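Single-structure report; data block below.
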Number of protein chains: 2
Amino acid sequence: MDNHTITIYDVAREAGVSMATVSRVVNGNPNVKPTTRKKVLDVIDRLDYRPNAVARGLASKKTTTVGVIIPDVTNLYFSSLARGIDDIATMYKYNIILANSDENEQKEVQVLNTLLAKQVDGLIYMGHTITDELRAEFSRAKTPIVLAGTVDPDEQVGSVNIDYKSATEESVSELIAEGHTRIAFVSGPLSEPINGEHRLEGYKQALKNAKLEYDPSLLIESKYTHKVGGKVYKTIKEANATAVFVSDDELAAGILNAAQDDGLKIPEDFAIITANNSKITEMVRPQLSTIVQPLYDIGAVAMRLLTKLMNKEEIDEKTIILPYQIAKRGTTKEED
Amino acid sequence: MDNHTITIYDVAREAGVSMATVSRVVNGNPNVKPTTRKKVLDVIDRLDYRPNAVARGLASKKTTTVGVIIPDVTNLYFSSLARGIDDIATMYKYNIILANSDENEQKEVQVLNTLLAKQVDGLIYMGHTITDELRAEFSRAKTPIVLAGTVDPDEQVGSVNIDYKSATEESVSELIAEGHTRIAFVSGPLSEPINGEHRLEGYKQALKNAKLEYDPSLLIESKYTHKVGGKVYKTIKEANATAVFVSDDELAAGILNAAQDDGLKIPEDFAIITANNSKITEMVRPQLSTIVQPLYDIGAVAMRLLTKLMNKEEIDEKTIILPYQIAKRGTTKEED
DNA sequence: ACCCACAATGCAAGCGTTTTATTTTATTTT
DNA sequence: AAAATAAAATAAAACGCTTGCATTGTGGGT
């Protein structure tokens, strides 16, 4: 028994047809007589033939693989998006090459390049911010790209998000409606458009609507980890805030815990509203009130959009905004 | 300006050398004179040439890509492993094709096959159990495979785990040392070796060491979600247990919350010890006492092992057991 | 029977690399 | 300065498939 990998050629020989015909049946091309199709299929089955996707990719210039750049799989916000992406990808027969970037510009560029070298048919990027270098690479690439849960003022590529500004505005307004006047705003770096533009605008708008004064000392930039919650809480306290809008759930949980450790009653003494509705929000006590983002759907819709792009279908709108809701749970008072 | 993708051939022509030479400099082959190397490198830079990894893969029969089968990226236990895997993969210049299986046998087999079709150089499998069909596929595949955080009695492929039995035994012994005599054991299906063999054995052993009677009514099989925590808690209560060992953190958090909602003081009235030390354990209050598994490392070591396997290096032991610890936090009493 | 149209198949040229065997060039050795 | 050896470069054959074009087969219409 010779031990070479069995190829389309072997199948062709055994079935007494040409490679082209085998290729046709493998690819479901209708131009093949049912009897020959069956004959070929039988041989394929007997020889346990498995088409080599790499060869296929070279010949067809399609890899049925898309690259996914993610800051950190371990982050529930992004992994939820990733899950939506993968499910739809699978549905459309694509596979995902997943690469963690840690929001590191160098890594991102680096990873983008290896992904392109691997001839991915499309690319989904997740992150908090898009650097100029990355943006330059994006526009240079011929490969379709979609941003998921990531905003870019320069709308060259497709993207799927919610309306962060109005979601933030609405959240902060809830806090105001409950009687809070000093509301802290905790986010990642304000240099990132999603924070410094969308969310902050929403925050300011809510204050303005309520004729409250805007106080920059209530703005806090922070990392998104549970651990720093204590430090952030201290800052909030020093600013005499009685409520806080937080743009990350893990961080919000950290703040919540710190506040309770400090003896505060939530939501009586201190209110919190967070932004992602990742499952963490329901695992802490009291449960976090939050903007309900359709995380899975953002990923799913992004991937769906990408399939259209890869397929060169006509797109009506490549900047997609999905609806959101606000869930009032235990860290804000009931309204009525 | 002609718009064709630029290939190694273009570089060769421009640099006045053969394709083979270009290939050598691209691959860092030392057999090339520094001056020609520079010349080629310059052309590569000027033309912005990027080697086509697919063509490379076909010619070299290496894709520098490994497949990773994961039950659900959204599960912190597995995503932590995945993070370790990806970091080491990146370090060794591999990329990861990530595929969610939902522990669904059909999906697993299906995904395994597309991964093999894509000619991955290696495969990492994560899951709770390995079905016979999957095991058959594993042994049929010529591709190196490593299990991460996943046990298989039939040790045909490499694997990286901790000693679940002794970790469980130790955890339960802690509970016993605190005076508990009715300790529930909550895990996934006992049909899975990791539960029915390793963990349950550890549990029994701990009881035996303490001369406590083994009561099967204290065994609870459950899904691993936060949501079912309430139901599980009820069952535990009905069984008159005062402590519980839980093999999943999310579920443990659910049980913790349910117990507190029921008015119990933790750990005075009820003790909990969980198994994964995912970051959830530190985000709930009180923080969960837990087995400290080196999740990231399990992934990292698994990937490292896989690189060796792919490299056909000599392996001393392909079944790797990593050390664990026990962290006593808020859901068990302090000892001294 | 004969021609035509169209369905079914086959041929062979790519796809962009790597790699082996071979030739050319450079460096020693004597 | 020629011969021997080592180093660098080339030519061309894979790698396993897809696909445009050419060829053959098939049945219907006349």
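Predicted model, so just to flag it, every value in this text is computed and none were measured. Naming convention: chains lettered A, B, ... in sequence-line order (proteins, then strands); numbering from 1 in each chain.
Here A:Arg135 pairs with A:Asp132 in a salt bridge; the nearest charged N to carboxylate O distance falls below 4.0 Å. Salt bridge annotation for B:Arg83-A:Asp102: present, with a cationic side-chain nitrogen under 4.0 angstrom from a carboxylate oxygen. A salt bridge does not link B:Asp42 with B:Lys39: every distance from a Lys NZ or Arg NE/NH1/NH2 to an Asp or Glu carboxylate oxygen is 4.0 Å or more. With salt bridges taken as basic N to acidic carboxylate O contacts below 4.0 Å, one links A:Arg46 and A:Glu14.
Taking side-chain N and O atoms only, A:Thr5 has a distance below 4.0 Å to OP1 or OP2 of D:dG16. The phosphate of C:dT17 has neither OP1 nor OP2 within less than 4.0 Å of any side-chain N or O from B:Ser23.
The partner of C:dC4 is D:dG27, by the rule that a Watson-Crick or G-U pair needs both atom distances under 3.5 Å. Under the Watson-Crick or G-U wobble criterion, with both distances below 3.5 Å, C:dT28 is paired with D:dA3.
B:Thr36 places no side-chain N or O within donor-acceptor distance of the main-chain N or O of B:Val32, the cut-off being under 3.5 Å. Remark: the backbone N or O of B:Gly127 is paired with a side-chain donor or acceptor of B:Thr150 at under 3.5 angstrom. Not one N or O on the side chain of A:Thr21 forms a donor-acceptor pair closer than 3.5 Å with the backbone of A:Val17.
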Between the protein and nucleotides 9-13 of chain C, are there any N/O to N/O pairs under 3.5 Å, and if so, what are the atom names and distances?
from	atom 1	to	atom 2	distance (Å)
C:dT9	OP1	A:Thr36	OG1	2.9
C:dT9	OP2	A:Lys33	N	2.9
C:dT9	OP2	A:Thr36	OG1	3.1
C:dG10	OP2	A:Ser18	N	2.6
C:dG10	OP2	A:Ser18	OG	3.1
C:dG10	OP2	A:Thr21	OG1	2.8
C:dG10	O6	A:Arg24	NH2	2.5

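Atom CZ of residue A:Phe138 and atom CG of residue A:Asp152 lie 8.0 Å apart, to the nearest 0.5 angstrom.
The distance between atom CG of A:Asp10 and atom P of D:dG16, rounded to the nearest whole Å, is 9 Å. The distance between atom CZ of B:Arg13 and atom P of D:dT10, rounded to the nearest whole Å, is 15 Å. Counting to the nearest Å, the P atom of C:dT20 and the CG atom of B:Asn29 are 11 Å from each other.
Listed in residue order, the members of residues 40-64 of chain A having a heavy atom less than 4.0 Å from DNA chain C are A:Leu58, A:Ala59, A:Lys61.
A:Thr7 comes within 4.0 angstrom of the backbone, heavy atoms only, and of no base.
Between A:Thr64 and B:Lys118, the side chains place a donor N or O and an acceptor N or O closer than 3.5 Å (distance only, hydrogens not considered).
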